[in-house]
Colleague: 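One structure is given below, represented as structure tokens, and several questions about it will come after.
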Amino acid sequence: MTAVRTGPGRPREFDEDAVLDAAGDAFLLRGYHATSLTDLTTATGLHRGSLYGAFGDKHRLFLSALRRHARLAAETLEADLSGAPTPLDGIHAVLLRQAAKAAERMGECRGCLLANTTLEMLPGDEQVAGIIAGHHRWREDRLTEVLELARAQGQTSASPPRAFARFVGTVIEGLWQLGRVASDPRQLTEAAEASMRALR
């Protein structure tokens, strides 16, 4: 549990990550602008004073939730890449997981907090842009490293590796959008597998 002082007296105890996850889900469901304070207090279970005392105003709460979402997305991608027997197997795992996540949300039009925020708030919000750009830079750098290793091991002739890392990143984002309109989850898996054929 994280102790957060919200005013005079004893600090209020709650799980900060759980609160940020709940707030992130509320923002994901409705979008930043349409999410009200009531939506946030209902989702997090905190009163207005506790919520804003711990995280600041709505925008600062949103930035904190977005940073956590980006961090968790990076950890998931890294786990797939590091846990695979070969570099290309790692990328395959990333794309299949992305297809599965998008398939789970088919028909809900929810997508991903990072992707949705990009469409809703950029250009225009420099702080949001910094978080999203930083995540994309990290992902591109990491995928470039993996593709360079795959080339060194003779798994792929994809060149230059950074351009193909951008390609993989574009597929990851595109799978969220395809999930909004696809009528069959197999369409998502087929797109992931087609991308792997291009890399091989």
Colleague: Mind checking what makes side chain to side chain contact (heavy atoms under 4.5 Å, CB included) contact with D80, not counting sequence neighbours?
Modeller: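 Once residues adjacent in sequence are excluded, the partners of D80 under the side chain to side chain contact (heavy atoms under 4.5 Å, CB included) criterion are T76, A93, V94, R97.
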
Colleague: Report the residues that fulfil side chain to side chain contact (heavy atoms under 4.5 Å, CB included) with R151, sequence neighbours left out, ordered by chain and then residue number.
Modeller: T156, S159, P161

Colleague: Does D89 have any side-chain hydrogen bond (donor to acceptor under 3.5 Å, both in side chains) partners at least two apart in sequence or in another chain, and if so, which?
Modeller: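 Checked D89 against side-chain hydrogen bond (donor to acceptor under 3.5 Å, both in side chains); matches are T86.
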
Colleague: Which heavy atom of A26 sits nearest a heavy atom of A43, and at what distance?
Modeller: CB-CB, 4.0 Å

Colleague: Does some side-chain heavy atom of E16 sit less than 4.5 Å from a side-chain heavy atom of R68?
Modeller: no

Colleague: With rounding to the nearest 0.5 Å, note down the distance linking OG1 in T42 to CG in L37.
Modeller: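 It comes to 9.0 Å.
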
Colleague: Applying the 4.5 Å side-chain criterion to the ILVMFWY set and letting contacts propagate, would L20 and L72 be lumped into a single cluster?
Modeller: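 Result: no, two separate clusters.
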
Colleague: Look only at the side chain of D21 and the backbone of A18, and say whether a donor-acceptor pair between them is shorter than 3.5 Å.
Modeller: no

Colleague: Do R162 and E148 come within less than 4.5 Å of each other through their side chains, counting heavy atoms only?
Modeller: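 Not touching, per the 4.5 Å side-chain cut-off.
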
Colleague: Would one find more than 12 heavy atoms of other residues, nucleotides or ligands at under 6.0 Å from atom CZ of R186?
Modeller: no

Colleague: So, does Q98 use its side chain to make a donor-acceptor pair with the main chain of A192 at under 3.5 Å?
Modeller: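 No.
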
Colleague: If you apply the rule salt bridge (charged side-chain N to carboxylate O under 4.0 Å, His left out), what do you find for R142 with E145, and how did you get there?
Modeller: CA-CA 5 Å; R142 188 68 183 93; E145 292 174 359; 3.3 Å; yes

Colleague: Would L63 end up clustered with L114 when hydrophobic side chains under 4.5 Å apart are linked, directly or stepwise?
Modeller: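 In one cluster with L63: L114, yes.
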
Colleague: Should E78 and E75 count as side-chain neighbours, where that means a heavy-atom distance under 4.5 Å?
Modeller: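 Heavy-atom side-chain distance check fails, nothing below 4.5 Å.
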
Colleague: How far apart are the closest heavy atoms of G31 and E120, and which atoms are they?
Modeller: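 So the two residues come closest at CA-OE1, 3.5 Å.
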
Colleague: W176 and L96: same hydrophobic cluster, using ILVMFWY side-chain contacts below 4.5 Å?
Modeller: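 They do not share one cluster, since no chain of ILVMFWY contacts under 4.5 Å joins W176 to L96.
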
Colleague: Please identify each residue that fulfils side chain to side chain contact (heavy atoms under 4.5 Å, CB included) with R137, with sequence neighbours left out.
Modeller: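 Only A133 meet the side chain to side chain contact (heavy atoms under 4.5 Å, CB included) criterion with R137.
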
Colleague: Give the cluster check for L119 versus L175: same hydrophobic cluster or not, with ILVMFWY residues linked at side-chain heavy-atom distances below 4.5 Å.
Modeller: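 Looking at the clustering, L175 is in a separate group from L119.
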
Colleague: Is there a donor in the side chain of D141 and an acceptor in the side chain of T144, or the other way round, less than 3.5 Å apart?
Modeller: no

Colleague: State, to 0.1 Å, how close A165 and E140 come at their nearest heavy-atom pair, and which atoms those are.
Modeller: CB-O, 3.7 Å

Colleague: Distance from Q127 atom CD to R60 atom CZ, nearest 0.5 Å?
Modeller: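 Separation between the atoms: 9.5 Å.
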
Colleague: Which heavy-atom pair separates S195 from F167 by the least distance, and what is that distance?
Modeller: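 Of all heavy-atom pairs spanning S195 and F167, the closest is O-CE2, 3.9 Å.
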
Colleague: Just by modelled atom types, is the C112 backbone N or O under 3.5 Å from a matching donor or acceptor in the K101 side chain?
Modeller: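 Checked: no pair found.
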
Colleague: Which residues satisfy the side chain to side chain contact (heavy atoms under 4.5 Å, CB included) test with L122, sequence neighbours excluded?
Modeller: T118, V128, A129, I132

Colleague: Quick one: closest heavy-atom pair of Q177 and A115, and the distance?
Modeller: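 Looks like NE2-CB, 4.2 Å.
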
Colleague: Is it the case that over 12 heavy atoms from other parts of the model lie below 6.0 angstrom from the CZ atom of R30?
Modeller: yes

Colleague: With clusters defined by side-chain heavy atoms of hydrophobic residues (ILVMFWY) lying less than 4.5 Å apart, directly or transitively, does L95 cluster with L178?
Modeller: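 Yes: a chain of side-chain contacts under 4.5 Å links L178 to L95.
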
Colleague: Would you mind reporting whether L77 and W138 have side-chain heavy atoms less than 4.5 Å apart?
Modeller: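 Yes; the side chains approach each other to less than 4.5 Å.
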
Colleague: With rounding to the nearest 0.5 angstrom, report the CG to CG distance, L66 to D125.
Modeller: 9.5 Å

Colleague: What I'd like to find out is whether the side chain of I91 reaches to under 4.5 Å of the side chain of Q155, using heavy atoms alone.
Modeller: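 No, their side chains stay 4.5 Å or more apart.
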
Colleague: If you round to the nearest 0.5 Å, how far is CG of L188 from CZ of R105?
Modeller: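 Atom-to-atom, R105:CZ and L188:CG are 13.0 Å apart.
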
Colleague: State, with a plain yes or no, whether a side-chain heavy atom of I131 is found less than 4.5 Å away from one of T117.
Modeller: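 Sidechains of T117 and I131: no contact.
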
Colleague: For D39 and A34, work out which heavy atoms get closest and say how close.
Modeller: OD2-O, 3.8 Å

Colleague: Enter the distance from L46:CG to L40:CG here, rounded to the nearest 0.5 Å.
Modeller: 10.0 Å

Colleague: If a pair satisfies ring-ring contact (aromatic ring centres under 6.0 Å, His included) and one of its residues is in residues 62-91, list it, with sequence neighbours excluded.
Modeller: F27-F62, Y32-F62

Colleague: Would you compute the distance between atom OG1 of T35 and atom CG of L28 and round it to the nearest 0.5 angstrom?
Modeller: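 Result: 9.0 Å between the selected atoms.
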
